Every structure is written in structure tokens, then in C-alpha cells.
Amino acid sequence: LSGGYASAIALLAGIWRARRDGVGCDCDVSLFETALHELMYVGTWAATHGYVPPRRRNSAHPSIVPFQNFATADGWVVIGGVKQDAWERLCDVLGRPELRDDERFATRAVRDVNRDELLPILDEAFATRTTDEWLALLLEASIPASRINTVEEALAEPQTIARGDVVEHDHPTLGRVRSIRTPLRLAEGEHSLEREPQRGPLRGEHTADVLTRLCGYTQDQVETLEQAGVFGGSEP
């Protein structure tokens with residue numbers, strides 16, 4: 001997916017450069033290098049100072065505590081980006097105000113050093129209430145947090161519904177299909193919200209149209225190529 005986005009951006013950049021300078025170019029995008037780039041600052045730390053990122057449980061951030069998933073009485077929540085003022089409010093929300101003054105947890109740096117002592121305390125606290133109860137308290141205190149959804153729950157999220165993110169279309173062999181709308185939203189035109197969703201093309205469905213309309217082939221040439229098996233087998 002990320003390689004696809006990087007490729008699309010590279011193509012747009014190439015088109016812009018060609019229009020600006022009158023010279024085309026190749027777009028060289030690697031799946032491996034796209035993933036490597038997504039190491040972001042962790043890659044910079046490792047390349048510059050030999051940093052070895054630890055393996056953390058519950059999708060924890062490598063150096064910020066708490067910034068991870070926590071089990072509740074009936075599910076999971078994720079706490080994110082807790083800066084110092086949010087940490088102090090979190091201590092109050094958890095009913096553990098004494099943690100603010102504990103020298104082991106007083107700053108972000110020492111919380112990282114002492115995470116093995118802090119996380120069992122947080123795990124025990126979060127297990128005492130349901131996800132809904134915690135979210136009400138956390139969001140009221142302006143602490144970045146969210147429930148961790150199953151796929152089914154994500155598709156039924158209020159935000160999903162409000163944005164019309166699940167769309168339907170008819171398919172000649174699959175019947176009525178529900179799928180995820182593209183995240184690309186333009187105010188007008190091809191990807192506007194008003195455009196009706198359509199199925200993807202079947203294999204080879206547009207081959208003749210592309211060759212004749214865009215590439216200048218004649219219909220006879222297309223038929224000759226098809227009879228020679230150039231386009232592969234037919235769609236079952």
C-alpha cells in the first residue's frame with residue numbers, strides 16, 4: 001500500500017517536471033526502500049548512533065511511556081503521545097495522583113528508564129474499568145486515547161458512517177459488494193463524494209480500448225494480437 005502511494009506521488013512529480021521542463025523521466029520506486037524510509041527517526045538514530053530499537057509489547061513506542069495499548073475490563077484502549085502535562089492529568093484520571101511525585105516517573109526520560117516498574121501499575125489500573133468508562137474519563141481530561149476496534153467495529157464506527165466510508169456496488173459475479181471508499185477526496189470531479197462507486201475492471205476488460213484510443217492501434221491489430229494469445233487467457 002505504501003509503495004503504491006509513493007509510486008503515485010512519483011508519477012505526479014514526473015508529470016509536473018515534464019510539463020515544466022519538457023523532459024520526461026523514469027520513476028524508480030522500490031517496495032523495500034519505501035518500507036525502509038518508514039523507519040523515520042528510528043532509522044536516523046540507528047544509522048547515526050547505532051541505536052538498537054527494543055521489541056516492545058502492546059505496540060509500545062520505543063521511548064515514550066505511556067504510549068501504547070492497554071487492556072481494559074472488556075477490551076482495549078490505546079494511549080498516545082502523553083506529554084508531561086497529559087501524564088499528570090492521567091495520574092489523576094487513574095486515581096493514582098501519587099505517581100506524579102514519584103521520582104521514578106516524574107519526567108518522560110525517567111519513565112522510559114523505569115517502564116518495567118510503571119507499566120504493571122498502569123496495566124492493573126486500566127483493568128478496573130470498561131473501555132467506554134475509560135474513554136469518557138480520558139477524553140474529558142484531554143488525554144489522547146481511543147478504543148481498539150475489531151475490523152467489524154471499525155466499519156461501524158460513527159466516523160466511518162458519518163464520512164460514508166463503506167460503499168456498495170454491483171458486481172457481475174460477486175453480486176452486491178460492500179467495500180472501503182478511497183481516502184482521496186476531491187471537492188469536484190472524478191473522486192468527489194457525489195461520484196457513484198464502481199467495480200474494478202475485470203482482467204483485460206479495457207485492453208482494446210486502451211490500445212486503440214491511447215496507443216493508436218487499429219482494431220485489426222488488436223484482434224491479431226488477441227488471436228496470437230498476447231493478452232493471455234480469458235477471464236473465467
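Note that these values count all heavy atoms, side chains included, but never hydrogens, waters or copies made by symmetry. Quantities reported herein were computed from a predicted structural model and do not represent experimental measurements.
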### Task
Please lay out, stage by stage, how Asp209 and Arg213 fare under the test salt bridge (Lys or Arg N to Asp or Glu O under 4.0 Å).
CA-CA 6 Å; Asp209 180 56; Arg213 183 169 56 87; 3.2 Å; yes

### Donor-acceptor contact below 3.5 Å, side chain Arg181 vs main chain Gly164
yes

### Query
Do other residues, nucleotides or ligands put more than 12 heavy atoms under 6.0 Å from the OH atom of Tyr217?
no

### Task
Report the C-alpha distance between Arg185 and Asp165 in whole Å, list the side-chain angles of each, state the deciding distance to 0.1 Å, and finish with yes or no for salt bridge (Lys or Arg N to Asp or Glu O under 4.0 Å).
CA-CA 11 Å; Arg185 306 290 175 92; Asp165 288 329; 2.5 Å; yes

### Hydrophobic cluster membership, Val210 vs Val230, 4.5 Å side-chain cutoff
no

### Query
Cluster question for you: counting only ILVMFWY and a side-chain heavy-atom cut-off of under 4.5 Å, with indirect links fine, are Val93 and Phe126 together?
yes

#### Entry: Arg115 side chain reached by Arg56 side chain, heavy atoms, under 4.5 Å
yes

## Note on the structure
On a heavy-atom basis, the closest approach of Ala18 and Gly24 is CB-CA, 4.2 Å

### Message
For a 4.5 angstrom cut-off between non-hydrogen side-chain atoms, does Pro197 reach Glu168?
### Response
no

### Query
Do Trp87 and Ile79 have side chains that get closer than 4.5 Å, going by heavy atoms?
no

### Query
With a cut-off of 6.0 Å (strictly less than), are more than 12 heavy atoms of other residues, nucleotides or ligands near CZ of Arg20?
yes

#### Entry: Rounded distance [0.5 Å steps], CH2 in Trp16 versus CG in Asp21
10.0 Å

### Query
Do Arg147 and Asp132 touch side chain to side chain, with heavy atoms closer than 4.5 Å?
yes

### Query
Under 3.5 Å, is there a donor-acceptor pair between the side chain of Thr224 and the main chain of Asp220?
yes

### Message
Side chains of Ser179 and Val167, heavy atoms from C-beta outward: is any pair under 4.5 Å?
### Response
yes

### Message
Side chains of Asp112 and Ser63: any donor to acceptor distance under 3.5 Å?
### Response
no

### Query
Do Trp76 and Phe70 pass the ring pair (Phe, Tyr, Trp, His ring centres under 6.0 Å) test, and can you show the C-alpha distance, the side-chain angles, and the key distance before you say yes or no?
CA-CA 6 Å; Trp76 290 81; Phe70 290 98; 8.5 Å; no

### Task
Report yes if some heavy atom in the side chain of Val77 is under 4.5 Å from a heavy atom in the side chain of Ile148; otherwise report no.
no

### Query
Take atom CZ in Arg108; do more than 12 heavy atoms of anything else shown fall under 6.0 Å from it?
no

### Task
Of all the heavy-atom pairs spanning His61 and Tyr41, show the shortest one and how long it is.
NE2-OH, 2.8 Å

### Task
Evaluate salt bridge (Lys or Arg N to Asp or Glu O under 4.0 Å) for Arg111 paired with Asp102, printing each intermediate quantity in order.
CA-CA 10 Å; Arg111 286 196 294 277; Asp102 192 315; over 6 Å; no

### Query
Roughly how far, to the nearest 0.5 Å, is the CG atom of Leu31 from the CG atom of Leu36?
12.5 Å

### Query
Quick one: are Phe105 and Cys91 in side-chain contact, heavy atoms under 4.5 Å?
no

### Stepwise salt bridge (Lys or Arg N to Asp or Glu O under 4.0 Å) check, Arg100 with Glu88
CA-CA 6 Å; Arg100 289 179 305 185; Glu88 294 173 1; 5.8 Å; no

### Query
Is the count of non-hydrogen atoms from other residues, nucleotides or ligands lying under 6.0 Å from Glu223 atom CD greater than 12?
yes

### Query
Just by modelled atom types, is the Thr150 backbone N or O under 3.5 Å from a matching donor or acceptor in the Glu153 side chain?
yes

## Note on the structure
What one should report as the nearest heavy-atom pair of Ala145 and Leu138 is CB-CD1, 3.7 Å

### Query
Does Thr128 reach the main-chain N or O of Ala125 with its side chain, forming a donor-acceptor pair under 3.5 Å?
yes

### Query
Does Arg19 CZ have over 12 foreign heavy atoms under 6.0 Å away?
no

### Any donor-acceptor pair under 3.5 Å from Glu205 side chain to Leu202 backbone
yes

### Query
Is Glu103 atom CD crowded by more than 12 heavy atoms from other residues, nucleotides or ligands, each under 6.0 Å away?
no

### Message
Under a plain distance cut-off of 3.5 Å, with no hydrogens placed, do Asp74 and Thr72 share a side-chain donor-acceptor pair?
### Response
yes

### Task
Evaluate side-chain contact (heavy atoms from CB on, under 4.5 Å) for Leu119 paired with Gln68, printing each intermediate quantity in order.
CA-CA 10 Å; Leu119 289 178; Gln68 65 183 80; 3.3 Å; yes

#### Entry: Contact summary for Val29 and Gly3, nearest pair of heavy atoms
CG1-O, 4.0 Å

### Query
Do Tyr5 and Pro183 have side chains that get closer than 4.5 Å, going by heavy atoms?
yes

### Query
Is the side chain of Thr212 donor-acceptor paired with the backbone N or O of Gln219 at a distance under 3.5 Å, no angle test?
no

### Query
Passes side-chain contact (heavy atoms from CB on, under 4.5 Å), Asp85 versus Arg89? Steps please.
CA-CA 6 Å; Asp85 58 340; Arg89 294 195 300 274; 3.6 Å; yes

### Task
Check whether any side-chain N or O of Glu38 sits under 3.5 Å from a backbone N or O of Ser2 as a donor-acceptor pair, and report yes or no.
no

### Gln221 side, atom CD; Thr218 side, atom OG1 - distance, nearest 0.5 Å
3.5 Å

### Task
Please report the shortest heavy-atom distance between Cys25 and Gly14, naming the atom on each side.
SG-CA, 3.9 Å

### Query
Around atom NE2 of His169, are there more than 12 heavy atoms of other residues, nucleotides or ligands at under 6.0 Å?
yes

### Task
Output the distance between atom CZ (Arg96) and atom CG (Leu122), rounded to the nearest 0.5 Å.
9.0 Å

### Query
What about Val82 and Val110, same hydrophobic cluster or not, with Ile/Leu/Val/Met/Phe/Trp/Tyr joined at side-chain heavy-atom distances under 4.5 Å?
no

#### Entry: Common cluster, Leu90/Val65, ILVMFWY with side-chain heavy-atom separation under 4.5 Å
yes

### Query
Can you hop from Trp134 to Ile121 via hydrophobic side chains spaced under 4.5 Å?
yes

### Query
Under 4.0 Å between a Lys/Arg side-chain N and an Asp/Glu carboxylate O for Asp170 and Arg199?
no

#### Entry: For Pro144 against Ser142, the heavy-atom pair lying closest together
CD-O, 3.8 Å

#### Entry: Ile180, CD1 atom: more than 12 neighbouring heavy atoms under 6.0 Å
yes

